Amino acid sequence: MRPVSSAEEVGALLSRSDSSGRRRRSSPVQSASPRPAGCGCGGPRRQSSFRDDVGHAASETYLVTRLTFSLLQYLGLPVRRSIVYGEQPRNRLDLYIPKDINRPCPVVAFVTGGAWIIGYKAWGSLLGRRLAERGIIVACIDYRNFPQGTIGDMVSDASQGISYVCNNIASYGGDPNRIYLVGQSAGAHIAACALIEQAVKESSGQSISWSVTQIKAYFGLSGGIMEGEESLSRYSPEIVVKQSSSQTIALLPPIVLMHGTEDYSIPSSASQTFADVLQQAGAQAKLQLYEGKTHTDIFIQDPLRGGRDPLVEDVLSIIHVDDEITQEKIALAPAPRRLVFEWQLQLARRISPFYFAVS
């Protein structure tokens with residue numbers, strides 16, 4: 001299969017890029033509170049308004065969305081789209097299901113990134129495709145974005161989506177005893193908040209609709225932690241972990257934080273700090289760094305390049321750690337094919353609102 005190319009779409013994307021060749025400004029969320037720790041948001045006061053920045057990011061995201069859906073249609077992926085998991089707007093999820101299911105499959109509940117303002121479940125399509133090809137069901141959970149919802153609303157939506165997966169995935173061929181939680185960028189923050197909040201509820205005897213014990217591991221990809229005081233501390237996984245009881249920490253599953261060393265949107269030091277805090281609290285946590293990788297390389301560019309995908313392989317090594325037969329099948333399977341040309345990926349770096357952190 002040849003890589004997908006569209007001159008019309010590429011031309012539209014080029015028209016949106018900075019013709020002067022200067023670095024892009026940061027994502028709008030970085031000038032709003034709360035902000036990711038260590039995001040490098042200092043410097044001169046921003047000249048453009050928050051509304052202008054949101055509109056700019058939204059216009060770029062619209063074009064990327066069109067390309068994503070064109071790619072999915074071209075690939076003919078088997079997806080169960082927009083399954084309703086709650087009553088609020090955006091309470092929907094997409095299921096990527098392996099073609100051949102002869103026994104209950106491991107399951108990944110995925111919470112997408114998007115700077116808390118442009119997140120969308122389709123962003124998980126590449127991860128869903130790669131993992132479904134290897135016998136794993138992937139549930140890409142959508143949630144309300146700002147200004148439609150607050151951080152609390154986003155965490156609540158994600159938790160409700162996880163609850164749906166835990167309680168219903170068996171009817172889709174999934175194994176309810178082998179569920180893994182994955183969050184990327186802002187989604188890593190939201191998913192971590194949902195996981196830790198659930199552990200707090202469970203350890204204090206509150207009523208729950210899903211159990212932390214159903215989650216076999218949590219993977220945080222290129223995630224940030226929140227700084228702030230008063231109510232903001234409730235949504236800082238680092239602060240909540242520091243304040244949590246030993247009973248709460250004991251409920252947490254193994255945690256793997258994965259980050260590119262050349263991430264200019266959320267530096268890898270954020271994951272290092274969170275890993276240190278978790279370890280000091282007694283949680284099982286480790287940090288996996290990817291040398292030379294940017295904020296989106298490990299999640300978007302690498303899967304599009306085809307061939308060996310380090311992040312997917314690392315996730316699979318944990319999911320299939322006790323399944324030698326599946327490990328052997330994966331090792332013998334042909335490498336995924338390239339989906340787009342390299343020059344298109346380099347172009348994406350120019351126009352991505354997440355590639356450069358500051359002007």
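The chain is numbered in sequence order, starting from 1. Because the structure is predicted, anything quoted here is derived from the model rather than measured.
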Under a 3.5 Å distance rule, please check whether D263 uses its side chain to pair with a backbone N or O of G260 as donor and acceptor.
no
Do L278 and L289 share a hydrophobic cluster, counting only Ile, Leu, Val, Met, Phe, Trp and Tyr and linking them when any side-chain heavy atoms are less than 4.5 Å apart?
yes
Under 3.5 Å, is there a donor-acceptor pair between the Q206 and S204 side chains?
yes
How long is the straight-line distance from CG of D175 back to CD1 of I169, given to the nearest 0.5 Å?
10.0 Å
Value for CH2 (W210) from CD (Q160), rounded to nearest 0.5 Å, stands at 12.0 Å
A side-chain contact here means heavy atoms from C-beta on lying under 4.5 Å apart; do P98 and I137 qualify?
yes
Measuring from atom CG of N91 to atom OG of S156, what distance do you get when rounded to the nearest 0.5 angstrom?
8.0 Å
Is the backbone N or O of V240 less than 3.5 Å from a side-chain atom of S244, with the two atoms forming a donor-acceptor pair by type?
yes
Spell out, as yes or no, whether a donor-acceptor pair under 3.5 Å connects the side chain of H189 to the backbone of Y235.
yes
Is there a side chain to side chain contact (heavy atoms under 4.5 Å, CB included) between Y218 and L252 once you walk through the steps?
CA-CA 9 Å; Y218 165 67; L252 294 176; over 6 Å; no
Does a donor on one side chain and an acceptor on the other come within less than 3.5 Å for E262 and Y264?
yes
Go through T112 and Y143 one step at a time and tell me if the side chain to side chain contact (heavy atoms under 4.5 Å, CB included) criterion holds.
CA-CA 9 Å; T112 185; Y143 55 88; 3.9 Å; yes
Could you please spell out the steps behind the side chain to side chain contact (heavy atoms under 4.5 Å, CB included) verdict for F110 and K121?
CA-CA 9 Å; F110 175 72; K121 55 188 171 62; over 6 Å; no
Counting C-beta onward and ignoring hydrogens, is there a side-chain heavy-atom pair between F146 and M154 closer than 4.5 Å?
yes
Donor-acceptor pair, distance only, cut-off 3.5 Å: does the side chain of Q288 make one with the backbone of D314?
no
N/O donor-acceptor pair under 3.5 Å between N145 side chain and I118 backbone:
yes
To the nearest 0.5 Å, how far apart are CD1 in I239 and CD1 in I196?
11.0 Å
Any non-hydrogen side-chain atom of W123 less than 4.5 Å from a side-chain atom of C140?
no
hydrophobic_cluster_shared for I318 and L131, side chain cutoff 4.5 Å:
yes
Roughly how far, to the nearest 0.5 Å, is CG of N167 from OH of Y85?
14.5 Å
Flag side-chain contact, heavy atom, 4.5 Å: H320 against I136:
yes
Quick one: closest heavy-atom pair of Y180 and P106, and the distance?
CE1-CB, 4.5 Å
Check the angle between the aromatic planes of Y172 and Y164 and answer parallel, tilted or perpendicular using the 30° and 60° thresholds.
tilted
If you define the side chain from C-beta out and look only at heavy atoms, does anything of L95 sit under 4.5 Å from L93?
yes
Closest approach of A139 to V165 (non-hydrogen atoms, all atoms of both residues):
CB-CG2, 3.7 Å
Do you know the tightest heavy-atom contact between I319 and R178?
O-NH2, 3.1 Å
Would a 4.5 Å heavy-atom cut-off, applied to side chains only, mark S82 and D94 as touching?
yes
Can you tell me if D276 and Q272 form a side-chain donor-acceptor pair at under 3.5 Å?
yes
Please report the shortest heavy-atom distance between P89 and D157, naming the atom on each side.
O-OD2, 4.4 Å
4.5 Å side-chain heavy-atom contact, D153 and Q148
no
Looking only at heavy atoms, the pair that brings P253 and I215 closest together is CB-O, 3.2 Å
Do the side chains of D142 and R92 get close enough for a salt bridge, i.e. N-O under 4.0 angstrom?
no
So, do Y120 and R90 sit near enough that their side-chain heavy atoms are less than 4.5 Å apart?
yes
Would one find more than 12 heavy atoms of other residues, nucleotides or ligands at under 6.0 Å from atom CD of E87?
no
Sort out for me which residue in S222, S271, S269, S268 forms a side chain to side chain donor-acceptor pair (under 3.5 Å) with H259.
S271
Provide the closest heavy-atom pair for M258 versus Y290 in the form atom of the first, atom of the second, distance.
CE-OH, 3.2 Å
Evaluate the side chain to side chain contact (heavy atoms under 4.5 Å, CB included) criterion for residues H295 and I266: first the C-alpha distance (whole Å), next the side-chain angles of each, then the deciding distance (0.1 Å), finally the verdict.
CA-CA 7 Å; H295 190 66; I266 303 177; 3.9 Å; yes
Separation of I255 CD1 from Q279 CD (nearest 0.5 Å)
10.0 Å
Is there a path of hydrophobic side-chain contacts, each under 4.5 Å between heavy atoms of I/L/V/M/F/W/Y residues, joining I83 to I101?
yes
